[in-house]
Amino acid sequence: MNFSLSDHPHRRFNPLTREWVLVSPHRTQRPWQGQIETPPQDVRPHYDPNCYLCPGNMRANGERNPQYAATFVFDNDFPALLPTTPPGEYHPHPLLQAHSERGTARVVCYSPRHDLTLAEMDAAMIRPVVDTWVEQYADLARIPVIGYVQVFENRGAMMGASSPHPHGQIWCSERLPQQVALEDVSQREYHANEGRSLLSDYLDAELEQGERIVYQNGAFVVLVPFWAVWPFETMILSRRHVTEMAAFDDAERDALADALRNVTVRYDNIFRVSFPYSMGFHQRPVVDGDWAHWHWHAHFYPPLLRSATVRKFLVGYEMLGTPQRDITPEQAAARLRDQSETHFSMLS
Ligand code: H2U
Ligand code: ZN
């Protein structure tokens, strides 16, 4: 019997973080007696007087939002990081280490419409959101204490989003956050050895194999990474090796809006539900330095597994050993490829 990725338990390597995932394809046939249900779709109004992100409404700190027309950015009223934290270290013993960390946080509203999501916005409506992310990245980079700008979005109550109003966050820190630091080391080493970006070579390999590709346009490719942990995890890779969002030209910004719409529509269509996820962009740090090895990319980490309500948990063996998945990344990609590019709410 020959070893096959689609039949036999195996481990896959993530060259970005140098972590492993256990894949158990033979388990997808196992009986499962959990409940499968489709929750009722909530009917949301265009404007919610109780939403702290809707135009004209009061936020928790007593400030009033303007009557914004496209995007709106404000300083997070409850930031996890503060620019005014005094620098300092705590290191009384080799095993006890801490240091102060400065930074700031902002909230980005994608649209004045309370009832929309990226999946329900068209590419022309997402384009101003892309421009806002680029402006914010450049603007935050000018703050002296800030070394890294992390753009992300928590979508849906299952991922802890505090409001259905379409919005994301930006957290800025002095040092590289953990995941970014891991990706920095591997991309730097690969670039130094091979003279090309790790993700350029990875993208070429994926385009050649084809089976994990979900969608592609002129500037971006959406795929399920070979080493995906979450059932329907995807990445958006830029065809061009650019280190940061600000380097995207006009056509690339339109293409990114198109790719974001396309992948979120496919997600919603799988279980005909507003698909929860955490997503975000990884790009070069904003402090001066040699960052030529960085290749901009997006990660989508959606928790749903089997239905609109049955999610994957990273528990047990995964907390104590290694993350594990049953359906293969190739099966997940095929499922995503099969989805309509039109949102289910627009289909009869
Ligand atoms: P999440 O939905 O991903 O939690 O993002 C919403 C953020 O909005 C959250 O970080 C902030 C919360 O601190 N927020 C304000 O800054 N002002 C408010 O009036 C409510 C929420
Ligand atoms: Zn709202």
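When a ligand or atom number is given, it counts from 1 through the structure's own listing order. Numbers here simply count residues along the sequence, with the first being 1.
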Show which atoms of ligand 1 fall inside a sub-4.0 Å distance from at least one heavy-atom site of [X].
{"X": "S162", "result": "1 (P), 2 (O), 4 (O), 5 (O), 6 (C)"}
{"X": "A60", "result": "18 (C), 19 (O)"}
{"X": "N154", "result": "3 (O)"}
{"X": "H167", "result": "1 (P), 2 (O), 3 (O), 5 (O), 6 (C)"}

*How many protein atoms of type N/O/S are positioned less than 2.8 Å from the Zn ion (ligand 2)?*
4
Taking the six-membered ring for Trp, are [X] and [Y] ring centroids under 6.0 Å apart?
{"X": "H114", "Y": "H46", "result": "no"}
{"X": "F300", "Y": "F275", "result": "no"}
{"X": "Y110", "Y": "W133", "result": "yes"}

*Geometric N/O contact N61 with ligand 1, under 3.5 angstrom*: no
*When only distance counts, is V107 in polar contact with ligand 1, meaning an N/O pair under 3.5 Å?*
no
*Do D201 and Y190 have side-chain N/O donor and acceptor atoms under 3.5 Å apart?*
yes
Checking [X] side chain against [Y] main chain: does a donor-acceptor pair fall under 3.5 Å?
{"X": "R102", "Y": "L81", "answer": "no"}
{"X": "R12", "Y": "F226", "answer": "yes"}
{"X": "R284", "Y": "V287", "answer": "yes"}

To which protein heavy atom is [atom] closest, and what is the distance rounded to 0.1 Å?
{"atom": "atom 1 (P) of ligand 1", "result": "Q169 NE2, 3.3 Å"}
{"atom": "atom 21 (C) of ligand 1", "result": "Y52 CE1, 3.2 Å"}
{"atom": "atom 10 (O) of ligand 1", "result": "N76 ND2, 2.8 Å"}
{"atom": "atom 15 (C) of ligand 1", "result": "D77 OD2, 3.4 Å"}

*asked:* Can you confirm whether E208 is buried at CD, in the sense that more than 12 heavy atoms of other residues, nucleotides or ligands lie under 6.0 Å from that atom?
replied: no
*What orientation do W291 and H293 show, parallel under 30°, tilted 30 to 60°, or perpendicular over 60°?*
tilted
*With a 4.5 Å limit on heavy-atom distance, are the side chains of L207 and L203 in contact?*
yes
*Between H295 and H241, does a side-chain hydrogen bond (donor to acceptor under 3.5 Å, both in side chains) hold up when you go through it step by step?*
CA-CA 6 Å; H295 189 138; H241 172 196; 4.8 Å; no
